[in-house]
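Presented below is the structure to which this report refers.
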Amino acid sequence: MRIVDLIEKKKKGLKHTREEIEFIIDSLMNGTAADYQISAWLMAVYFNGMDIEETTHLTRAMINSGEVLDLSMISNNIIDKHSTGGVGDKITIILIPILQALGVPIVKLSGRGLGFTGGTIDKLESIPNFNCALPMEEILKQVKEIGAAIASQTAKLAPADGKLYALRDVTATVDSMPLIASSVVSKKIASGANNIILDVKYGSGAFMKTAEEAKQLSELMVQVGKNLGKKITAVVSAMNEPLGRAVGNSVEIIETIEFLKGNTSKDLEEITYKLASLSVLKMDMANSEDEAVQMIKKVVEDGSALEKFRVLIEKQGGNSNIIDDYTLLPNAAQIGTINATESGYVESIDALCIAKASKILGAGRDKKTDDIDYSVGVYLNKKTGDFVQIGDTLATLYVNADNNLSTAEILVKNAFEVKSEQPEYKSLIYAVIE
Ligand code: URA
């Protein structure tokens with residue numbers, strides 16, 4: 001087989017066999033295919049697509065390019081929740097202690113943020129001394145001891161994805177459904193989960209701009225996961241407004257703790273309870289969604305989920321006193337406010353504008369190697385549906401360097417749309433695909 005013939009085949013829109021796809025991934029991994037050849041093949045896939053069978057073969061080949069974790073010594077039913085990336089999405093960090101309190105074992109391997117989407121690992125690392133670089137033996141030991149562990153994903157899992165993603169990123173081929181589906185599902189399966197729950201976002205602050213595109217991607221990922229023998233569910237949810245009120249790193253940790261203390265906003269609660277109740281149902285621990293939600297509410301209200309978060313922070317070396325004293329988290333030097341210039345009801349808050357502002361302030365990165373500032377970010381004092389009067393604070397900016405402040409201020413101000421009618425709360429959940 002020759003790579004050039006396989007590029008030609010996909011260029012003509014023909015279907016690859018399993019052997020051909022395995023040959024492409026082997027050639028990528030052993031260096032016999034040049035980056036420009038793989039890039040040309042990616043562009044051919046971008047334009048001509050791949051069907052479910054080809055996407056399944058690609059996913060399998062990517063899984064087999066590296067290590068596959070065996071978590072069967074902990075349980076044969078390990079849940080892994082994964083978000084395709086959003087703005088203010090701190091749900092993984094809230095979900096872990098809730099599931100821990102309910103006795104659901106959870107191993108979470110997460111990534112860092114890139115571009116406009118924040119990363120779970122970055123947020124957790126804003127807790128002084130919190131260690132996410134856990135070797136596998138440590139993860140397994142910790143899950144046995146306290147029921148949960150969260151660590152940064154190693155390059156040994158689905159390494160073909162890392163190589164392909166680097167090429168996709170610089171050849172404008174990221175937004176291809178079969179390439180996204182194989183990238184996400186291969187990493188989840190290589191991480192050892194057999195019960196995967198995907199939170200697939202759409203909207204201004206997400207990869208997929210429309211609900212229908214996100215549904216199509218979800219259907220593809222669910223089918224590929226099933227073809228590879230996994231239980232997999234996708235929740236399709238809107239990401240037009242940041243989830244909750246905080247966008248950044250330490251500010252999102254504060255909002256996580258507040259959620260576990262019982263203070264939350266409706267949108268964050270809706271998605272968190274949906275994903276948590278699906279996890280409980282997948283573990284056969286409840287007979288209905290209502291029953292699952294009651295179980296979840298109980299561990300939040302009685303404080304046991306918050307106590308599990310304390311235990312998790314301490315176990316991973318972090319300073320758990322942050323739970324009672326937020327000043328122990330990285331604090332920004334300056335605080336700015338964006339005030340309303342008209343009265344009315346907040347109609348919408350554009351997620352992408354807020355994400356850009358937070359990134360400009362230093363909370364996000366362009367390149368994997370960039371440093372980030374844990375202390376900066378944006379807090380939404382008002383959410384959609386709230387009434388505001390001229391002069392009310394719409395949002396608070398946590399700032400360290402003045403240089404980008406005015407651009408961030410304009411972005412946050414422009415993110416808010418105020419109208420005279422109060423909008424109704426619209427459920428964020430568009431579909432659940434199983
Ligand atoms: N997230 C991933 O892990 N991979 C993609 O290709 C896109 C989003």
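Note that ligands are numbered from 1 as they come in the structure, with each ligand's atoms numbered from 1 the same way. Atom set for the values below is all heavy atoms of this structure, side chains included, hydrogens, waters and symmetry mates excluded. Numbers for residues simply follow the sequence, beginning at 1. Predicted, not measured: the structure shown is a model, and the values here were computed from it.
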Between Trp41 and His16, what is the ring plane arrangement, given parallel below 30°, perpendicular above 60°, and tilted in between?
tilted
For ligand 1, which atoms sit closer than 4.0 Å to a heavy atom of Tyr165?
4 (N), 5 (C), 6 (O)
Show your reasoning for whether side chain to side chain donor-acceptor pair (under 3.5 Å) applies to Thr84 and Asp199.
CA-CA 6 Å; Thr84 55; Asp199 184 10; over 6 Å; no
Which ligand 1 atoms does Ser183 reach within 4.0 Å, using its non-hydrogen atoms?
2 (C), 3 (O), 4 (N), 5 (C), 6 (O)
I'd like to know whether ligand 1 has Thr84 as a neighbour, heavy-atom separation below 4.0 Å.
no
Surrounding CG of Asp371 (heavy atoms of other residues, nucleotides or ligands, distance under 6.0 Å), is the total greater than 12?
no
Short list, please: which atoms of ligand 1 are under 4.0 Å from a heavy atom of Lys187?
2 (C), 3 (O), 4 (N)
Please indicate whether Lys426 has more than 12 foreign heavy atoms, meaning atoms of other residues, nucleotides or ligands, lying under 6.0 Å from its NZ.
no
Any idea which protein heavy atom is nearest atom 8 (C) of ligand 1, and the distance to it?
Phe207 CE1, 3.3 Å
Ile313 CD1 to Ile127 CD1 distance, which is reported to the nearest 0.5 Å:
4.0 Å
Non-hydrogen atom of Val184 closer than 4.0 Å to ligand 1
yes
